[in-house]
2 protein chains.
Amino acid sequence: MLRISKRVEYGLMALQYLAKSGQVATTREISDSSNIPHDLLAKVMQSMKRNGIIDSFQGVRGGYRLLLSPEQITLNRVVFSLDEETAITECASENPEHATCAMFDTCTIKVPMQKLQMKLTESVGNMTISELL
Amino acid sequence: MLRISKRVEYGLMALQYLAKSGQVATTREISDSSNIPHDLLAKVMQSMKRNGIIDSFQGVRGGYRLLLSPEQITLNRVVFSLDEETAITECASENPEHATCAMFDTCTIKVPMQKLQMKLTESVGNMTISELL
DNA sequence: ATAAGTCGGACTAAATTAGTCCTATTTAAG
DNA sequence: CTTAAATAGGACTAATTTAGTCCGACTTAT
């Protein structure tokens, strides 16, 4: 259907790691164990932290920890925290700043896109990490 | 969740147009009526033709016509005809040539991605044009 | 004081997607 | 039997998005 971003892939790997270990883990630990680019994962972790999915500790023995249980973390939330958007089209965005399609007035498929968006969010977006991992 | 391509957007507009008119229509007619780039739409129509979703007539009074009824056309089929892929990750692709991810052996989220893919295809991909439009 | 972390912004590179252009072929109609 | 209106399809460019890197600042356990 539509491709998932690397950021989201890496985010899911990290969440899985944190869920399994149950403890505080560093980005280095996670990026080594999953063979993914450390610096990019660092960004991913920061985004998920800002969103409130995970928790962080700075300094020497710092790292990240799950703040929500896997049952509470929806795919939608992960994607939103990492891609800043979960809409399949501009016009389907909840953020009006992102909904500035030039064809808005003449577009013939706004309603269909709305339906699609709802179905996607409901069936896929609302899945939780615990269902998935 | 994930953004839909312009090709698919244009394709859906065209299918809607064909379904409504019930007759043969030219790409010019459709691109004018929908305010979309003619040349790009032409590519889109060719792809859907090759896939067997629509039918074409060359020459002066030529154009395109639905070959399947809206109930028979799934979103998945439209996307596949236009984007050549419906998988959310490389490894979830049905085409082994597209499934050449370098991290395949070490990846920790293959199963989750598989689950996600199934859910997406089942809930969203299998929707038909008639349900949508 | 130092080393191991996170924080966050700026930047570059790579890949994908959107869009254009050109030439060939088909065919209805004058 | 020529012309004009179409589709067919390949090659190309431009624009946008995504991936990935780098750097300097701040935090904190040892």
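Sequence lines set the chain letters: A, B, ... in the order given, protein chains first and strands last, and positions in each chain run from 1.
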Tell me whether the count of non-hydrogen atoms from other residues, nucleotides or ligands lying under 6.0 Å of CD in Glu94(B) goes above 12.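 Atom CD in Glu94(B) is not crowded, with 12 or fewer foreign heavy atoms closer than 6.0 Å.
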Check whether any side-chain nitrogen or oxygen of Tyr10(B) sits under 4.0 Å from OP1 or OP2 of dT17(C), and answer yes or no. no
Are any of Arg50(B)'s side-chain N or O atoms less than 4.0 Å away from OP1 or OP2 of dA8(D)? no
Among [options], which nucleotide has an atom closest to any side-chain atom of [X]?
| X | options | result |
| --- | --- | --- |
| Arg7(B) | dA3(C), dA28(C), dA18(C) | dA18(C) |
| Lys6(B) | dG19(C), dT21(D), dG8(C) | dG19(C) |
| Gln58(B) | dT27(D), dT26(C), dG19(C) | dT26(C) |
| Leu40(B) | dT30(D), dA18(C), dC7(C) | dA18(C) |
| Ser5(A) | dA5(D), dA19(D), dA29(D) | dA19(D) |

Can you find a side-chain donor-acceptor pair between [X] and [Y] that sits under 3.5 Å?
| X | Y | result |
| --- | --- | --- |
| Asp83(B) | Ser5(B) | yes |
| Glu71(B) | Thr128(B) | no |
| Arg7(B) | Ser47(B) | yes |
| Gln23(A) | Ser21(A) | no |

Counting only distance, no hydrogens or angles, is the base of dG10(D) paired donor-acceptor with the side chain of Lys43(B) under 3.5 Å?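 Flag set: donor-acceptor pair detected.
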Return the value, rounded to whole Å, for the distance between atom CZ of Phe57(B) and atom P of dT27(C).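 Distance, rounded to whole Å: 11 Å.
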Measure from CG on Asp55(A) to P on dC7(C) and round the result to the nearest Å.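 So the CG-P distance, Asp55(A) to dC7(C), works out to 10 Å.
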Cation-pi between Lys110(B) and Phe104(B): NZ/CZ under 6.0 Å from ring centre and within 45° of the ring axis?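 That pair qualifies as a cation-pi contact.
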With nearest nucleotide decided by heavy atoms, which residue, Arg61(A) or Pro37(A), maps closer to the 5′ end of DNA chain D?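 Result: Pro37(A).
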What are the residues of residues 16-30 of chain B, sorted by number, that bring a heavy atom to within less than 4.0 Å of DNA chain D?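 DNA chain D contact set from residues 16-30 of chain B: Thr26(B), Thr27(B).
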